[in-house]
Amino acid sequence: MAKKILLLDGNSLAYRAFFALPLLTNENGIHTNAVYGFTMMLQRILEEEKPTHMMVAFDAGKTTFRHETFSEYKGGRQKTPPELSEQFPYLRKLIDAYRIKQYELPNYEADDIIGTLSLEAEKQGDEVIVISGDKDLTQLASPSTTVYITRKGITDIEKYTVEHIKEKYGLTPLQIIDMKGLMGDSSDNIPGVPGVGEKTALKLLAAHGSVEGVYEAIDQQKGKMKEKLVANEDLAYISKQLATIERQAPVEVKLDDLGYEGPDQDELVRVWSELAFKSLLEKMDYTAEETVKEELKFTVVTEIEPSILKGEMAVHLEMYDEHYHTCDLLGVALSDATDTYVIPMDAVKGSDILKTWLADPSKKKYMSDSKASTAAFLRSEIELDGVDFDLMLGAYIVNPSLTYTDMANIVLEYGYTDVSTNEQVYGKGAKKKVPDDAVLNEHIARKARAIWKVRDIIIKKLEDNQQFDLYDKLELPLASVLGKMESLGVKVDKAQLSDMGEELAAKLEKIESEIYSLAGQEFNINSPKQLGVILFEKLGLPALKKTKTGYSTAADVLEKLEGQHEIISHILLYRQLGKLLSTYIEGLLKEIHDDGKIHTRFQQALTTTGRLSSTNPNLQNIPVRLEEGRKIRKAFVPSEPDWVMVAADYSQIELRVLAHMSEDDRLVQAFKDDQDIHTATAADVFHVPLEEVTGDMRRAAKAVNFGIVYGISDYGLSQSLNIPRKEAAEFIDRYLKSFPGVQQYMTNIVSSAKKDGFVTTLMNRRRYLPDITSSNFNLRSFAERTAMNTPIQGSAADIIKKAMIDMDEALEREGLKANMLLQVHDELIFEAPKDELAKLMELVPKVMESAMELNVPLKVDIASGDTWYETK
DNA sequence: GGTATCACG
DNA sequence: ACGTACGTGATACCG
């Protein structure tokens, strides 16, 4: 039977993909764009062509026989960017997973391998498709061989048949070589005849057929053209020779060895998950869902016998969505080395045996997202204790840059493929629903099973990276502290919010009509597009900044226009109040539960630095800077009469962390002396005594301090201080000269990030920074700033997390009724009975300040009041 | 679903 | 020369 043979030019396709796609980085720190593009192309080609035989040819080494002819061959070419080089091993792995033969031959290029094999195939009457990004290969076209050249993208292909070449160039495939001989090829540094381009080359070949033909009839040329041709005859012949693909290369593989049987699905999944090709994985799971998974035996249990409850088990509580304070609970699965059980939710709630086991701290539970489970169980008054492993937290500590939205993706990261995504099981959007019991139960069972299976791998990884303590002593205990805080919730005065809302709405209406009258027409003020037209076209104000889509109307831009038109200040006020109404009044009102409280969710495995985040609603960005907004805090009240709110915040924690890590003498001393750090910075930077620091000097120093923490750049500082960039650069320079320890620290942290590929915090939290070695200035600069910022922000996060665990214990130990309610990065918010207040004002700062021992003191400010607003 | 804007540390 | 401050989440547009 005739074969259909696909011959791929590996190097050329990888290059094409690399330059066609943005420089994607997966969270494991590998650049993936070339491999990804190659994969997309391969997938498409396989589907469309259904080949019987396949091979990917690669160039071997740096020099080939062509260099003997012309030593500058491929000279002057930019050397392969490291971001591409590092992808070749993955490309090789990928091709192996497809079970496609790959081949390279010393002293020859991929072209020659392909040319040799395609000739052999032609002799045997087989159909051949050659795929490359390099048009040189079109010389191989024949009645049985088609050459596919990628265009622009990587999946967009131009098919060069003999006819197509004739149409496009008026040449036969072999004349392509003559064309290159005359015009050269700058990418391969083939010289050609200087001054002859594609147009001239085609004209010459149309008349004379070949390079040889041109020179035989050289007398037909005249003037400059003749001179050029005569002077460069040697170059023309050499160029032709260089462009000629060798079709008799000593290729050892036989066409029969190239049979293509389809990919090794399991291996492909492993490679794709290593590369984090999520969309491809999802597609594959969809098509191969039933076939890929190993069978799992599990028992559905409605009457729980004590015998099934062991001393250590994986426990999974399945929930319908991520809003675990409100969503339906769908069942529990237990799994250990031998058995897996699924228990429907009614049976869970009705079983005292199970509840007792769940609450027993001596029974070890291995879970995923134990905080969610703790909080969700609590809604049914089921207590959970003895959590010994948390899959989500473990995976997060191993690499906080990975964004897991689904447990299936976490376990996939560790090579476990047998869990479906929730989207596969429940569907999405309007079609989302709970499936039949059989499907649901298996899904839950597989999750419990996966936790049991993957636990060892994650723990091993944590231990290898010296991160087990961070995980086990910090994040895991914190999960239950946070679970308690979320379940408790914070009381919100609904009437207060509603009243404020009505007031705001009335004000907004007035401002709105004033804006309309100033603009001379009605329009949607909330639409940046419409607002831009009004301001910059109708009213003729200068557009100072542009966005991707049009004029920028951001606050910093409008502020610069404030003197120029009365409408600006009204718009700024409208924006400010509109934000309060929509986000903080209406938004918060929607989130108040039947108990009169708001139950936020603290995301513990989300940020790349180790901070928490807060969602549904976000209680970490309640207004404070402007008085109008700050009033929102009056609605946050204690949950009991005669209780008070207490807020305690770390003073300058990030700069203290910087002082500790950099060991800069002056910075350390300033904190030891309990100086106002911005004033002290100003004194040092401006070389004046502390008493002579002016308000402006302090303001500038404060901005520089922020900049230092963020990973300084002159541009950033110039924006924040609204000064020319040069002045900003001078400030930075003076700062770094005043604090040489900080300068040294910044240099060191960037170089250690380059060496190790990651940076760490005080508690050994890691963040990988693959872009730090990028040749792309922007990516590299960003990574460098991140290298400076993450250890600072992340260590501060470590400290307050530790303080929260200590605080939780302290409240318990002291027998206090006070509740810890919120964390806002550097502050903790409590509610407490009035009679505990005195005790608390002493205890909280003590605990927070001793959370970790640094070489500078930690300082906490604390205040209390009837509402959150009054805690200042 | 992406973009712009703005709230917080 | 390059084009930016670090980390988040919610809302309103608009194609």
Side-chain angles (χ1 to χ4, degrees), chain A residues 400-401 429 523-532 545-558 571-572 574-588 590-591 600-603 606-626 628-630 632-633 649-655 658 703-721 725 728 732 759 767 769 774-794 796-797 800 822-828:
Chain A
S401 300
F523 65 100
N524 186 345
I525 308 166
N526 283 322
S527 163
K529 199 177 162 190
Q530 293 183 34
L531 180 61
K545 204 166 93 182
K546 274 200 258 181
T547 67
K548 271 184 211 165
T549 51
Y551 310 112
S552 170
T553 65
D556 62 325
V557 176
L558 297 189
I571 288 166
L572 286 167
Y574 181 88
R575 282 250 183 91
Q576 188 198 330
L577 301 183
K579 180 85 177 176
L580 291 180
L581 184 60
S582 69
T583 306
Y584 296 103
I585 305 278
E586 290 164 352
L588 285 178
K590 273 185 249 167
E591 298 283 353
T600 187
R601 284 177 298 125
F602 289 108
Q603 303 282 9
L606 185 144
T607 71
T608 46
T609 54
R611 275 191 176 181
L612 302 176
S613 82
S614 159
T615 57
N616 302 111
N618 181 356
L619 294 185
Q620 291 182 319
N621 72 344
I622 303 301
V624 66
R625 288 171 195 168
L626 300 171
E628 294 96 316
R630 192 173 199 152
I632 300 283
R633 295 180 173 221
D649 69 291
Y650 280 110
S651 161
Q652 304 297 350
I653 188 162
E654 292 189 333
L655 288 173
L658 174 63
V704 175
N705 277 329
F706 269 103
I708 290 292
V709 167
Y710 293 155
I712 197 93
S713 82
D714 51 8
Y715 182 87
L717 183 64
S718 76
Q719 289 298 297
S720 108
L721 279 175
R725 182 161 140 174
I732 294 168
V759 290
R767 178 170 180 183
L769 298 169
S774 172
S775 56
N776 178 316
F777 176 88
N778 285 327
L779 290 177
R780 189 178 63 250
S781 303
F782 185 59
E784 286 170 356
R785 291 198 297 273
T786 313
M788 299 186 245
N789 170 264
T790 295
I792 299 172
Q793 194 184 113
I800 195 166
L822 298 172
Q823 186 252 45
V824 192
H825 309 308
D826 66 354
E827 65 176 325
L828 297 175

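The basis for the numbers below is simple: all heavy atoms, side chains too, and nothing from hydrogens, waters or symmetry mates. Here is how names work: the chains are called A, B, and so on, in the same order as the sequence lines, proteins then strands, and each is numbered from 1.
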Margin query: What does the 5'-to-3' dot-bracket notation of DNA chain C look like when only Watson-Crick and G-U wobble pairs under 3.5 Å count, and pairs to other strands show as |?
Written below: .....|||||||||.

Check: Contact boundaries of DNA chain C with chain A (under 4.0 Å, heavy atoms), 5' to 3'?
Finding: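 Range of nucleotides within reach of chain A: dC2(C) to dG15(C).
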
Note to self: Generate the contact string for nucleotides 4-9 of chain B. Rules: B means base contact, S means sugar-phosphate contact only, - means no protein heavy atom under 4.0 Å.
What the structure shows: SSBBBB

Categorize [X] for me: base, sugar-phosphate, or nothing, with a 4.0 angstrom heavy-atom threshold over every strand shown.
X       : result
R767(A) : sugar-phosphate
G587(A) : sugar-phosphate
S614(A) : sugar-phosphate
L606(A) : sugar-phosphate
N616(A) : sugar-phosphate
S713(A) : base
A703(A) : base
D649(A) : nothing

Check: For T583(A) and I708(A), take the nucleotide of DNA chain C holding the closest heavy atom to each; which residue's nucleotide lies nearer the 5' end?
Finding: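 Nearest-nucleotide comparison on DNA chain C picks I708(A).
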
Check: Considering the options T583(A), L822(A), V824(A), L588(A), which one meets the side-chain contact (heavy atoms from CB on, under 4.5 Å) requirement together with I622(A)?
Finding: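 One option only clears the test, and that one is L588(A).
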
Check: Only one of T553(A), I525(A), N526(A), L580(A) clears side-chain contact (heavy atoms from CB on, under 4.5 Å) with R575(A); which?
Finding: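 Single side-chain contact (heavy atoms from CB on, under 4.5 Å) partner of R575(A) among T553(A), I525(A), N526(A), L580(A): T553(A).
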
Margin query: I need the L769(A) CG to E784(A) CD distance, nearest 0.5 Å.
Written below: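 Reported to 0.5 Å precision, the distance equals 10.0 Å.
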
